[in-house]
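Below is one structure, written out as structure tokens, with a few remarks after it.
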Amino acid sequence: MAMTGRSVIKELTSNGPGRVGLALLALLCVTALVVVFTYPRDFGSEHWGNPSRWVNNPRSVPPAWTAAFDGGRLFRHRSVELTEPTESQATGRAFIQRFDLPVSFAAAEPPNFVALSMRGFEFHARPPIISAFLIRPDGAEIALFRHVLSAARAGESTPTTRHTDEPYRVVLSGEGSAGEALARHFRGAYDFDLSSDQLRDDFEGWLFATIVDGERRPLAGDYTVRVEIMAASEDDRVDSIGAVFGGAVFGVMGTDALGRDLAMGLLFGLPIALLIGIATSTVSTIIGTSLGLLSGYAGGRTDQVIQRAADIVANIPVLPLLIFLVFIGGSQLWLILLVLVAFSWPGLTIMVRTMVLQLRHGQEVEAAVSLGASRARVIARHVFPHTASYIFAQLVFFAPAAVLAEAGLSFLGLGDPSIPTWGQILEHGFRTGAVFLGYWWWVIPPGLLIVLTAVTFMFLALGMESVVDPRLKGARR
Amino acid sequence: MLVRRLLMRGLSMLGVLVAVQLLVVISLGATGYSDRMLQAVIGEQLRAMRGGFAETIRDPDQLEAAMEAQRIELEQAYGLDRPWYARIPAMVFRVFVLDLGEAHTLRSFTGSNRVADIVAERIPNTVILLTTSMVITAIAGIAIGTRLSTRAGSRLDRLISYGSAISYALPAWWVGILLILVFAFRFPIFPSGGMYSAPPPTGGFPRFLDLVHHAILPILTLVLASLGPYVYVVRTMTLNTAQGDHVTAARAKGVPERIISRRHVLRVAAPPIVTGLILGLAGTLGGSILVETVFAWQGMGRLYYEAIAGTPDEMVIVALTFVFTLLYVVARMILEVLYVLLDPRVRYD
């Protein structure tokens with residue numbers, strides 16, 4: 001019963017588990033390909049592992065769709081960015097560029113944080129003065145902060161540039177002057193005394209609130225964050241002014257404690273998981289089969305040595321050794337794969353040898369030998385094809401074990417830090433206490449994806465079961 | 001035959017132990033790890049000696065010369081003057097007797113920093129978890145598997161074979177996290193981790209109950225992760241036996257079904273069922289490392305996590321790798337003896 005690619009597909013589509021497995025595998029592969037072609041090559045080190053990329057996201061917040069169950073209480077994440085001023089005017093010797101960043105607020109909960117970021121300043125003489133205000137729906141104007149960029153140093157070329165790479169970033173709750181202005185406003189408008197503790201604990205809550213009957217109420221309506229750049233020269237300019245209003249929910253899968261978009265990390269983990277599963281199983285199948293064929297066909301001393309080695313390696317508990325070797329050799333993905341391969345070949349070697357021993361004394365091989373076929377030809381044409389379907393089924397069987405082993409290793413903190421995997425996302429969540437805070441969006445999805453990938457391969461293996469064990473043929477359709 | 005089989009298995013297990021030892025020692029040596037570790041030990045000892053030397057030797061130059069002489073002597077004593085592969089036998093021996101010096105930051109519960117002490121007091125905790133979950137898995141697996149085998153091909157049977165595939169694909173540690181989310185966070189019925197409440201209750205029996213209360217979730221996790229595949233093995237094994245001629249004969253004689261299933265099926269299928277446990281052993285062992293980590297269960301698995309996180313304690317990791325292998329080998333031999341006791345063909349041949 002020689003096996004071709006077509007006959008495998010035929011076998012798999014003939015039963016339930018096989019069909020489910022094929023469908024899942026196709027889905028996973030297509031998604032993985034999309035990720036491979038759309039993500040940057042250095043995603044792990046430059047994007048995922050770089051906290052400054054994620055500062056504008058809210059931290060540890062659930063997915064945006066959860067807000068659908070909350071009756072609009074939660075503030076949705078919003079960011080506004082302007083590259084051109086809304087209004088420019090010249091007053092005497094100063095040139096003022098005004099940037100108006102609007103945000104409408106209707107939720108019961110205030111934004112998580114409000115941050116302004118300004119990028120790419122260019123000035124000729126004196127540095128510009130930046131001042132920011134919040135204009136509230138009730139008409140009140142609250143001065144948030146004032147900042148003067150550092151002046152040109154001696155010998156610095158003109159025009160002087162500031163914050164071209166890293167934007168100048170201000171988190172409002174950290175600005176004492178904003179709090180003072182807010183307290184002044186509450187005293188003046190409502191005769192209400194805001195304590196510094198209240199401001200420290202819930203700055204955003206007060207920023208978007210009013211006082212009704214001595215009680216704090218959220219103040220819904222259209223707000224404007226106004227940034228004014230007062231420049232000394234007409235040619236001074238700024239690339240972009242942006243405001244971020246941190247949501248209580250974010251994105252498709254929420255964020256982790258660093259504000260990273262979990263959806264991005266989870267997607268990136270898919271091709272990695274498939275690579276781990278497929279690469280490990282393919283290589284260990286090749287090694288296992290070759291050694292099995294060699295052992296069964298060569299016999300004698302070679303057979304003895306291979307079988308002893310297989311017996312021992314098959315009985316080594318893998319995880320402790322994997323932990324040890326990766327700990328000593330460093331957390332690199334290729335090393336993890338190498339160790340997994342090194343420990344997963346023996347089962348197949350023992351099985352293939354047994355099959356070869358049976359075939360070797362069969363009529364087909366005897367006939368071929370008597371016709372003068374070479375040893376290599378006998379193995380390639382008359383022995384290997386008979387074992388192929390069994391070997392293929394085993395190949396599928398190795399994959400989930402490899403995926404699970406890598407995930408477990410990553411969970412212990414030994415994952416390759418330059419390549420984020422699902423296990424690493426889980427590890428980070430566990431280490432920073434996400435489990436004990438009930439951050440389910442951080443710990444459930446990566447685990448589900450691990451299970452989904454492993455189950456896909458398991459179903460394929462189940463679909464191939466009747467090939468491995470012909471007695472099952474017809475019995476379980 | 002009985003002795004011969006056990007002897008062969010024993011030799012094979014000894015081979016496993018030696019192979020793991022060699023692998024550990026060679027990778028420590030070839031990567032230069034062992035050199036660095038020994039240098040650190042020598043540096044430590046020299047620092048300790050310096051004070052004593054300084055009391056008698058006043059001249060700084062002479063002091064340096066004396067220290068240098070000491071250093072060379074120590075390096076010879078530890079074999080650092082020879083290449084790493086010449087030290088393999090000595091290293092293997094040291095690991096075997098857990099003479100692994102002192103840990104950097106980890107301490108035993110009694111405050112000792114000797115690696116042997118730290119590891120030794122964790123062994124019982126791991127063994128409690130492992131044996132309890134294995135016994136529960138075995139009992140539940142045999143009960144469910146044999147019941148299923150009488151209904152082979154039914155809808156329930158097919159459901160279970162899907163279920164066991166999914167169970168195989170479940171990472172035990174993630175199941176543990178889910179259980180914590182549900183039973184410790186959402187519905188606070190069980191503690192989320194640790195072995196005892198703080199402060200632990202006084203008195204033997206309340207203390208034991210407290211331990212049980214803490215052990216339920218980790219044991220449940222281990223059982224859930226290993227039960228699925230095991231039920232499937234038991235079902236298939238009993239199914240194969242149930243189709244045997246002797247069962248048909250017994251049925252023809254009119255032996256009651258209950259007795260057939262107990263004496264003719266289960267009794268004959270018993271040895272392969274033990275094989276199923278043997279096959280699952282390594283997985284359960286690996287699972288327990290991660291599950292202990294999740295539940296902060298103070299066993300050897302959690303110790304791995306603690307030794308990797310923060311300042312890595314390489315000697316603790318070496319010791320754990322060895323002890324885990326040893327634990328596997330011992331458990332394996334116990335199951336082999338059980339197999340021999342259960343299999344009349346092996347016993348009477």
With a 4.5 angstrom heavy-atom cut-off, is it the side chain or the backbone of [X] that approaches chain A, or both, or neither?
X: B/S12; answer: both
X: B/M13; answer: side chain
X: B/R186; answer: neither
X: B/V18; answer: neither
X: B/L285; answer: side chain
X: B/I180; answer: side chain
X: B/A19; answer: side chain
X: B/V175; answer: neither

Before giving the answer on side-chain contact (heavy atoms from CB on, under 4.5 Å), spell out for A/E427 and A/S410 the whole-Å C-alpha distance, their side-chain angles and the decisive distance to 0.1 Å. CA-CA 7 Å; A/E427 187 261 344; A/S410 289; 5.7 Å; no

Give a yes or no on whether a salt bridge exists between B/E292 and B/R122, defined as a side-chain N under 4.0 angstrom from a carboxylate O. no

Inspect the contact between A/R308 and A/D303 and indicate whether a charged nitrogen and a carboxylate oxygen are less than 4.0 angstrom apart. no

Any idea which heavy atoms bring [X] and [Y] closest together, and the distance?
X: B/T284; Y: B/L222; value: O-CD2, 4.2 Å
X: B/T221; Y: B/G176; value: CG2-N, 3.4 Å
X: A/I272; Y: A/P420; value: CG1-O, 4.3 Å
X: A/P17; Y: A/F459; value: O-CB, 3.4 Å

Under 4.5 Å, counting heavy-atom pairs only, tell me which of [options] racks up the most with chain B.
options: A/G413, A/P446, A/A454, A/A405; value: A/A454
options: A/L412, A/L319, A/V318, A/V451; value: A/L412
options: A/G408, A/G429, A/P400, A/G423; value: A/G408
options: A/L404, A/I312, A/N315, A/V20; value: A/N315

Between [options], which has the largest tally of heavy atom pairs under 4.5 Å with chain A?
options: B/L17, B/V318, B/L178, B/I278; answer: B/V318
options: B/Y168, B/F324, B/F322; answer: B/Y168
options: B/L170, B/I166, B/L320, B/V24; answer: B/V24
options: B/T293, B/L327, B/T31; answer: B/T293
options: B/Y305, B/W174, B/Y304, B/F185; answer: B/W174
options: B/G193, B/A165, B/G287, B/A282; answer: B/A165

Only one of A/T421, A/I276, A/V326 clears side-chain contact (heavy atoms from CB on, under 4.5 Å) with A/I336; which? A/V326

Report the residue from B/I317, B/I289, B/V20 that forms a side-chain contact (heavy atoms from CB on, under 4.5 Å) with A/P320. B/I289

So for [X], is it side chain, backbone, both, or neither that comes closer than 4.5 Å to the heavy atoms of chain B?
X: A/F430; value: side chain
X: A/L426; value: side chain
X: A/F457; value: neither
X: A/I323; value: side chain
X: A/L437; value: backbone
X: A/L322; value: neither

Give the ring-plane orientation class for B/W173 versus A/F411, where under 30° counts as parallel, over 60° as perpendicular and anything between as tilted. parallel

Determine whether B/L156 and B/L148 satisfy the following criterion, side-chain contact (heavy atoms from CB on, under 4.5 Å), listing intermediate values before the conclusion. CA-CA 8 Å; B/L156 181 72; B/L148 272 184; 3.9 Å; yes

Hey, would you say the B/H214 and B/W297 ring centroids sit under 6.0 Å apart? no

Could you please spell out the steps behind the side-chain contact (heavy atoms from CB on, under 4.5 Å) verdict for B/L14 and B/V329? CA-CA 8 Å; B/L14 196 66; B/V329 165; over 6 Å; no

Check step by step if side-chain contact (heavy atoms from CB on, under 4.5 Å) holds for A/L262 and A/T255. CA-CA 5 Å; A/L262 283 170; A/T255 60; 5.6 Å; no

